[in-house]
Amino acid sequence: MRYISTRADAPQLDFEGVTLAGLASDGGLYLPEEWPSFSGFEIQQMSGLTYVELAVRVMTPFVEGSLSESELHDLCEKAYGRFAHRAVTPLVQLDHQHHLLELFHGPTLAFKDVALQLLGGLFEHFLSKTDDHLTIVGATSGDTGSAAIDGVAGRERIDIFMLHPEGRVSEVQRRQMTTVHADNVHNIAIKGSFDDAQAMVKRMFVDPDMTGDYRIGAVNSINWARLMAQVVYYFAAALQLGAPSRKVAFSVPTGNFGDVFAGYVAAKMGLPIERLIVATNVNDIIHRALSTGDYSAGDVTPTQSPSMDIQVSSNFERLLFDLGGRDGAAIAAQMRGFEAERSMHLTNAQREGASALFASERVDEDATAEAMAWAKAECGEVLDPHTAIGLAAARKAGVGPGIPVVTLATAHPAKFPDAVEAATGIRPELPERVGDLFEREERYTALPGDYEAVRDFIREHATRSA
Ligand SMILES: *Cc1c(COP(=O)(O)O)cnc(C)c1O
């Protein structure tokens, strides 16, 4: 499979190349040159497969030329063997129409584990072939950092430097990063906000002092391999509910638009999806873009669903590219306009294409708490605030009565105990597998919010590329 950049001005790469590159050199994002697709019969043949078997079936076309089927199978077994539930992503029924897809049974309690456990293995596999070394630099407001660290801790040929804004991540989230004691894990607390940390990381990808000496890798959802791994659970859920003979709708708590874009890919591959409901909190740039065509960024408002507190959703560019006839030059111009003005309008083709599959809902803080209270009172389920936004949107969206609606449960409620307790009166306990989190010693380096200080620290501790 060949991959092309949304901005049409970067080399085409194979799967191995896009996995190690992350961002394309023209600033665009990589996508497969064409969507592989399955017939109804082929989808029917997938029912009854284990999660690992299904993952291999769904991902094989994307890795063709870079991994054999048995290599992919081994990597999936290792990644999903670490989940605490045998079904990996079990489905839970709430009422006659609504279901939850629990994506939080991995080591760090959020859906990011599904992709990052696999990505860690993919990095190691590809690097061992060339004996090269990867320096992962990332910024996190919470869940990506811990999932990425767990995915690569102790792996050879990889160092990870994870920047978090000092004092601005929850204690559970910070401890999930700072209590991992592998030699290749480097936590950096910087003075400033998440946006400051993110800006430093982006600068590092284009700093010749860094790119000349190090092979810099990405773990956020600009990396295609992450989205690819997430396509699998859309198939898993739909098959449980009667696909391909029955259509299914999904409601997806959305920030960077990665998870819901994986649902779009599943639809492109032939999975009969009735609707993808994009659920946002009050940071609603995507809801405004889909409902009015106006894509303009404001300031971030902190909420009880911090992993969705985002203004610029990187993966939206992938959708705009695919809906606009895959015209890379036009997308490059559109995105340059957005970067200059912090605002742009969708074209008619983009709006019409999106409205054929997507719906969107904005869920405010009160409605989030109400959804948590409703699920507890009516279904006996304790939800985290991100999942609650998905469920509130699912109930609001008015999907036809015969169609099952699956809300993606993106985090375990114990990651956000204060918000859950305020809404339901219940303080969720951390599962046993992370039980001694509060006893383990924390290790991190505090640095000023200054690019040179961070760069010098990384240069001191990273291994140069071959
Ligand atoms: C990252 C995250 C999201 C948002 O997912 P995107 O792929 O960025 O849209 C939602 N909920 C939780 C708990 C997350 O960690």
Side-chain angles (χ1 to χ4, degrees), residues 29 89 100-116 119 138-151 164 169-170 172-173 176-177 194 198 218-231 233-234 250-266 276-281 283-287 289-290 300 303-319 358 360-361 363 368 371-372 383-394 407-417 419-420 428:
L29 302 171
T89 60
L100 290 177
L101 181 61
E102 293 186 346
L103 302 175
F104 52 68
H105 292 280
T108 73
L109 313 182
F111 83 91
K112 303 217 164 55
D113 288 323
V114 178
L116 284 162
L119 187 61
T140 184
S141 59
D143 297 330
T144 297
S146 55
I149 286 171
D150 196 280
H164 71 265
V169 299
S170 81
V172 172
Q173 288 176 323
Q176 282 184 314
M177 298 190 279
F194 167 72
Q198 168 98 350
V219 284
N220 60 14
S221 58
I222 58 175
N223 194 316
W224 164 256
R226 267 190 62 175
L227 305 189
M228 173 191 77
Q230 291 168 212
V231 176
Y233 49 68
Y234 285 90
F250 289 91
S251 179
V252 187
T254 294
N256 221 356
F257 208 76
D259 210 4
V260 73
F261 188 78
Y264 174 80
V265 176
L276 291 170
I277 302 157
V278 179
T280 75
N281 65 23
N283 296 293
D284 62 347
I285 179 170
I286 292 286
H287 169 60
L290 290 172
V300 175
T303 70
Q304 56 193 317
S305 48
S307 304
M308 295 159 64
D309 290 345
I310 203 162
Q311 280 297 335
V312 180
S313 296
S314 310
N315 287 293
F316 202 48
E317 178 170 341
R318 287 187 158 114
L319 180 69
F358 292 92
S360 68
E361 300 287 346
V363 179
T368 306
M372 284 190 271
L383 309 184
D384 99 284
H386 303 77
T387 305
I389 287 172
L391 181 62
T407 295
L408 272 50
T410 50
H412 191 289
K415 269 197 125 156
F416 304 94
V420 174

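In each ligand, atom 1 is the first atom listed, and ligand 1 is the first ligand listed.
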Shortest protein heavy-atom distance from [atom], along with the residue and atom involved:
{"atom": "atom 13 (C) of ligand 1", "value": "Thr410 OG1, 3.4 Å"}
{"atom": "atom 10 (C) of ligand 1", "value": "Pro253 O, 3.7 Å"}
{"atom": "atom 7 (O) of ligand 1", "value": "Asp259 N, 2.9 Å"}
{"atom": "atom 4 (C) of ligand 1", "value": "Gly255 N, 3.5 Å"}

Below 4.0 Å, non-hydrogen atoms only: which portion of [X] touches ligand 1? Side chain, backbone, both or neither.
{"X": "Lys112", "answer": "side chain"}
{"X": "Asp143", "answer": "side chain"}
{"X": "Phe257", "answer": "backbone"}

Practice item. Show your reasoning for whether side-chain contact (heavy atoms from CB on, under 4.5 Å) applies to Gln230 and Val265. Key: CA-CA 10 Å; Gln230 291 168 212; Val265 176; over 6 Å; no

Check your understanding: Relative to each other, are the rings of His412 and Phe104 parallel, tilted or perpendicular (30° and 60° limits)?
Key ->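 If you compare the ring of His412 with that of Phe104, the planes turn out perpendicular.
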
Any side-chain donor-acceptor pair under 3.5 Å between [X] and [Y]?
{"X": "Ser307", "Y": "Asp143", "answer": "yes"}
{"X": "Asp309", "Y": "Thr303", "answer": "yes"}
{"X": "Asn220", "Y": "Thr144", "answer": "no"}

Is the shortest N/O to N/O distance between [X] and ligand 1 below 3.5 Å?
{"X": "Asn256", "answer": "yes"}
{"X": "Ala110", "answer": "no"}
{"X": "Gly258", "answer": "yes"}

Review point. Is there a heavy atom in Phe111 that sits closer than 4.0 Å to ligand 1?
Key: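 A heavy atom of Phe111 does come that close to ligand 1.
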
Check your understanding: Is a donor on one side and an acceptor on the other found under 3.5 Å between the side chain of Thr280 and the backbone of Thr254?
Key ->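 Such a contact is absent between Thr280 side chain and Thr254 backbone.
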
Practice item. Indicate yes or no for a side-chain donor-acceptor contact from Gln173 to the backbone of Ser170 under 3.5 Å, with no hydrogens or angles considered. Key: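 Checking the backbone N and O of Ser170 against the side chain of Gln173, a donor-acceptor pair under 3.5 Å is found.
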
Point to revise | Close aromatic pair by centroid cut-off 6.0 Å: Tyr234 and Phe250 | key: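 Distance test on ring centres: under 6.0 Å, yes.
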
Review point. Counting each atom of ligand 1 from 1 as listed, which ones have a heavy atom of Ala411 under 4.0 Å away?
Key: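 With Ala411 as reference, the close atoms of ligand 1 come out as 13 (C).
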
Review point. Under 4.0 Å from any heavy atom of Thr254, which atoms of ligand 1 are there?
Key: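 The atoms of ligand 1 under 4.0 Å from a heavy atom of Thr254 are 9 (O).
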
